[in-house]
Amino acid sequence: MELFFFIPIALLSVLLAFGVVFNKSPIGSAVSLIGMMLCLAGVFVIQSAHFLAILQVLIYAGAIMVLFMFVIMLLNLKTAEDTVWKAREHNTLLSVLTGFLVLGLVYKLVEIATDANFGPGMPVAENFGTTEMVGAKLFTDYVLPFEVASILLLVAMIGALVLAKTKTD
Amino acid sequence: MVELEYYLILSGILFSIGVLGVLVRRNAIVVFMCVEIMLNAVNISLIAFDRYNNQHDGQIFSFMVMCVAAAEVSVGLAIVISMYRNKPTINLDEFNLMKW
Amino acid sequence: MLQLAWLIPLIPILGSIVCGVYGLKLGKDKVAKIACGGPILSFLITLLVLLGFLLLPEGVHVWEQILFNWIPVSDFVVQWGYQIDPLSLVMMLVVSGVGSVIHVYAVGYMYEEYSFYRFFCYFNLFLGAMLILVMGNNFLLMFIGWEGVGCCSYFLIGYYFDKKSACDAGTKAFVVNRIGDFAFILGVLFIFNQFGSIDYTTVFSAAPTTLIYGSETATMICILLFIGATGKSAQIPLYTWLPDAMEGPTPVSALIHAATMVTAGVYMVARCNVLFALSPLSMNIVAFVGGGTAVFAATIGMAQNDIKRVLAYSTVSQIGYMFLACGVGAYTAAIFHLITHAFFKACLFLGSGSVIHGMHHEQDMRKYGGLKDHFPITHITFLVSTLAIAGIFPLSGFFSKDEILFHSLMDGNIILWGMGVTGAFLTAFYMFRLVFMTFYGEARYDLTFHPHEPSKIMTTPLVILAFLAFFGGLLGIPLFHGWHVLHEWLEPVFHVNPQAIIDYSTQHMIAEGHHVPLFESLTHEPSHNVGLEVSLMAVSLLIAIGGITAAYFFYIKFPNLPDKVMEGQWGFELVKNKYEVDERIDEYIVQPTVEGSFYLWKGDAKVVDGAVNGAAQTIGWFSKLASPYQSGFVRNYALFMVVGFLAILIMVY
């Protein structure tokens, strides 16, 4: 039953990932990425990581991708400027090699995953991956990293402000 | 019950696609998106192992990854904007500053 | 009070730093105060330490002060520590005492010279290094002092660095000393190899049961150490630097000859007496080299006309006496002569300095004559010291030289005694030749200028030293056994227990099937034949008077005689040219070395530089190959990362 949901979602996410890479316009890429994120949220749900699935939708598909959209709009990039996927004239060989390299990477990763021979997973409780469970973990064992993460976000916010603001004087 | 391997394979494939994107695209924003794909691919692995081992640590880690991704994207896009101001393009072939 | 010992070398060194760094700002008077205050303070502290040492409980003869671990390398630990024992105390007193007097004199002598502060910077450092040398409790610390005095002598001999001869003399002193230093450090390494330690106490207490009597190892160590001593103490064959060292200002010569530097070799041999006791062969070498040098240098001294050069050869000759004494095992006599020599030689040098000062830096004795009225104090003190060095009763030199002669006859053999007596005669002759040519006879200088006695600051040291030269002999009147203060004082240092050596060595030699020697040099009991000693004293006194009379005849009575007699004699020419040793060394050693160095340089430029440049070019070529991959595009770097990542994956899984 799980497999029944998993295979289409997985295929769709791979397809959308290719969409991100090979789409001509940045907007197209972004839209594909949003789609891929949503698919992955589905994968998370299948893995009964409900809380993370929601975060995936809210943060990634929502906040982060909106930011991407904003920037793309702000810069008003024309598709012509980024002449999409096309072997670079003076570096055909390099591109082909890159392709092979990535294929090799996929092959090796898949090979490692299939060779590992994992047994069946442990049975999990009914409330596995709920907000309650993750939250309890987050505020007990991982409270320090959690606070550090908040500082990280604060720093990133200030950094982004400093970097992006125009010099007005 | 889907085997762990399927998730790992999905994760690997998505990661490789992300790598491919980083390597071949010249648009800085799209390169960023590909980095996001790679991060997400790793999240899949983390969550799959979590479920497999019946624990929550991997989920916390994914959570942290999301935090880092958010921070990274905000700073990164700010950098892209300032790059664009500096030189009205975000084509990475125009930026070979690493040479010095 | 013994705890203050660490200050003794430190004070002059600090003084040196202050003079060197702040000398220009402080001005001459303050520099002079600091420079003289340091050594005098050291001397006073030495007296306190002496007092503390005397208050030590009965039977304690060594007191060590360990300041810190200097070089701790696993089981090889060198400590920075000072050893206070009778020998080092004697040396400390001589070095700091005579050194202080010379410092005071130098203030007067150098006052008109340029870079006054630089002079005192080196001077204080010199004294500090010498104090480290005599106080150190291990061979490496001695080596530090050893190198320190060598280095300072280089600075001071080349003090007039705008004069080429002075620079050359400095370089020569340094290079010749280096040869000796090399042998010395080899000897120290050998000692470490044998004993696993370089501390005096460890080495000397272990020596009788570690080294076999008369073995090659013992001889090797002793000879290496002795070569070091010949370099520092200007003995054959490494004596050539000392006469040239006269290029430095006169107080420097006084300091080098009297208080520091040249006595270092004697001190070292005396310090290592246990090792030398194990090697009769090297004892003989020491004795013969010493005796040979005593005669050899004295003959050269007879024919020199430069007042300082005569004194320089006289020092070489007197140090030869000390080694002669060491070689026959009469270490006390050697140290005794070292002390008295420090007094009268310092006085002689300072006296010659005040003559040179008063004669506007004229050093040629042929242009002196009849100066005794112009230099009353210098004349008296100089005469006292000359009588002392010539060995006239009852001045200090008489006792010390006589003791050496006595021991060389009793403990050595008739040849050594003959050398000593010949040396004594020659010494009396050339020293009085010097006195007569300088202070008596007709004035041969330009009568238009008036020689003048220097100021009080220069004459007071002369008086002090002349006083010491007169009465210094009271330290060790050799005639009456038991009166010999110095001998009893130094007894703990020079006492070797022959039984331990004999037992160990006999056991080993039998085990190895060697012939067991008679241990003559160890079992030999020093004899005290009072009648013989008195008659020997009379002989040496007569010889000294004979030398003086000869000088009187040649230079006062018949001043034209020397020229007539010596004219055209090949022997005289040879002596006058210092046996042409310098020329031969230059021809057979220096020139080939220079030529060889030239070829080595050529070879170096081709082979070594070629290799280095070739390596650099190869790397440059590889860099050129690699540089296209440094494209500056982040993407390319990412590509290489992925390649590496994949490679790791393939390798690990």
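Just so it is clear: chains get the letters A, B, ... in the order the sequence lines come, proteins before strands, and each one is counted from 1.
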Query raised in the report: Among B/A41, B/S74, B/S82, which residue forms the greatest number of heavy-atom pairs with chain A at distances under 4.5 Å?
Result: B/S74

Report task. Report the distance from atom CG of A/L52 to atom CZ of B/F61, rounding to the nearest 0.5 Å. Result -> 12.5 Å

Query - Aromatic ring proximity, centroids under 6.0 angstrom, B/F63 and A/Y142 - result: no

Query raised in the report: chain B heavy atoms under 4.5 Å from A/L33: which part of the residue, side chain, backbone, both or neither?
Result: side chain

Query raised in the report: Can you find a heavy atom in the side chain of A/L75 that is under 4.5 Å from one in the side chain of B/I29?
Result: yes

Report task. Answer with side chain, backbone, both or neither: which region of B/Q55 has an atom nearer than 4.5 Å to a non-hydrogen atom of chain A? Result -> backbone

Query - Interatomic spacing from CG in A/L40 to CG in B/L10 - rounded to 0.5 Å - result: 7.0 Å

Report task. Check salt bridge (Lys or Arg N to Asp or Glu O under 4.0 Å) between A/D141 and all other residues, then give those that pass, not counting sequence neighbours. Result -> A/K137

Query raised in the report: How far apart are the closest heavy atoms of A/I64 and B/A69, and which atoms are they?
Result: CD1-C, 4.3 Å

Query raised in the report: Which bit of B/V31 is near chain A, if near means a heavy-atom gap under 4.5 Å: side chain, backbone, both or neither?
Result: neither

Query raised in the report: To the nearest 0.5 Å, what is the distance between CD1 (B/I13) and CG (A/L11)?
Result: 9.0 Å

Report summary line: Pair count under 4.5 Å, heavy atoms only, with chain B: among A/V43, A/I59, A/V14, highest is A/V14

Report summary line: For A/Q47 and B/I47 the tightest heavy-atom approach is CB-CG2, 3.8 Å

Report task. Check whether any side-chain heavy atom of A/M65 sits under 4.5 Å from a side-chain heavy atom of B/E36, and report yes or no. Result -> no

Report task. Would you mind checking which part of A/L163 comes under 4.5 Å of any heavy atom in chain B, side chain (CB onward), backbone (N, CA, C, O), both or neither? Result -> both

Query raised in the report: What heavy-atom pair brings B/Q59 and A/A49 nearest, and what distance separates the two atoms?
Result: NE2-CB, 3.5 Å

Query raised in the report: Are any non-hydrogen side-chain atoms of B/Y84 and A/L74 less than 4.5 angstrom apart?
Result: no

Would you give me the side-chain donor-acceptor pairs under 3.5 Å for residues 146-161 of chain A, sequence neighbours excluded?
{"residue": "A/S150", "atom": "OG", "partner": "A/E147", "partner atom": "O", "Å": "2.4"}

Report summary line: Closest non-hydrogen contact found for A/S13 with B/L14 is O-CD2, 4.0 Å

Report task. Taking all non-hydrogen atoms of both residues into account, name the closest pair between A/K24 and B/R25 and its distance. Result -> O-NH2, 4.0 Å

Query raised in the report: How far does CD1 of B/I17 sit from CG of A/L105, to the nearest 0.5 angstrom?
Result: 11.0 Å

Query raised in the report: Checking A/F18 against chain B: side chain, backbone, both or neither under 4.5 Å from a heavy atom?
Result: both

Query raised in the report: Does a donor on one side chain and an acceptor on the other come within less than 3.5 Å for B/N40 and A/Q56?
Result: yes

**Report entry** chain A interface, residue from B/V75, B/N53, B/V80 that has the most non-hydrogen pairs under 4.5 Å
**Finding:** B/V75

Requested in this report: Would you mind telling me which of B/I81, B/V73, B/I60 has the largest number of heavy-atom pairs within less than 4.5 Å of chain A?
Outcome: B/I60

Requested in this report: Under 4.5 Å heavy-atom distance to chain A, tell me which part of B/F49 shows up: side chain, backbone, both or neither.
Outcome: side chain

Query raised in the report: Do you know which of B/N54, B/I44, B/L8 has the most heavy-atom pairs under 4.5 Å to chain A?
Result: B/N54

Requested in this report: Please round to the nearest 0.5 Å and tell me the distance separating atom CG of A/L55 and atom OG of B/S62.
Outcome: 9.5 Å

Query - Member of A/V110, A/L103, A/V102 meeting the side chain to side chain contact (heavy atoms under 4.5 Å, CB included) criterion with B/S16 - result: A/V102

**Report entry** Heavy-atom pairs under 4.5 Å with chain B, option from A/F51, A/F70, A/Y60 with the top count
**Finding:** A/Y60

Query raised in the report: Are any of the side-chain heavy atoms of B/Y7 and A/I46 separated by less than 4.5 Å?
Result: yes

Requested in this report: Please assess B/F32 against A/V71 for the test side-chain contact (heavy atoms from CB on, under 4.5 Å), listing each intermediate value before the final yes or no.
Outcome: CA-CA 12 Å; B/F32 257 115; A/V71 174; over 6 Å; no

Query raised in the report: Taking the side chain from B/R51 and the backbone from A/F128, do they hold a donor-acceptor pair closer than 3.5 Å?
Result: no

**Report entry** Per-residue contact mode, A/A136 against chain B (heavy atom under 4.5 angstrom)
**Finding:** neither

Query raised in the report: Can you find a heavy atom in the side chain of B/L20 that is under 4.5 Å from one in the side chain of A/F22?
Result: yes

Query raised in the report: If you look at every heavy atom in B/M33 and A/A30, which pair is closest and at what distance?
Result: CE-CB, 3.5 Å

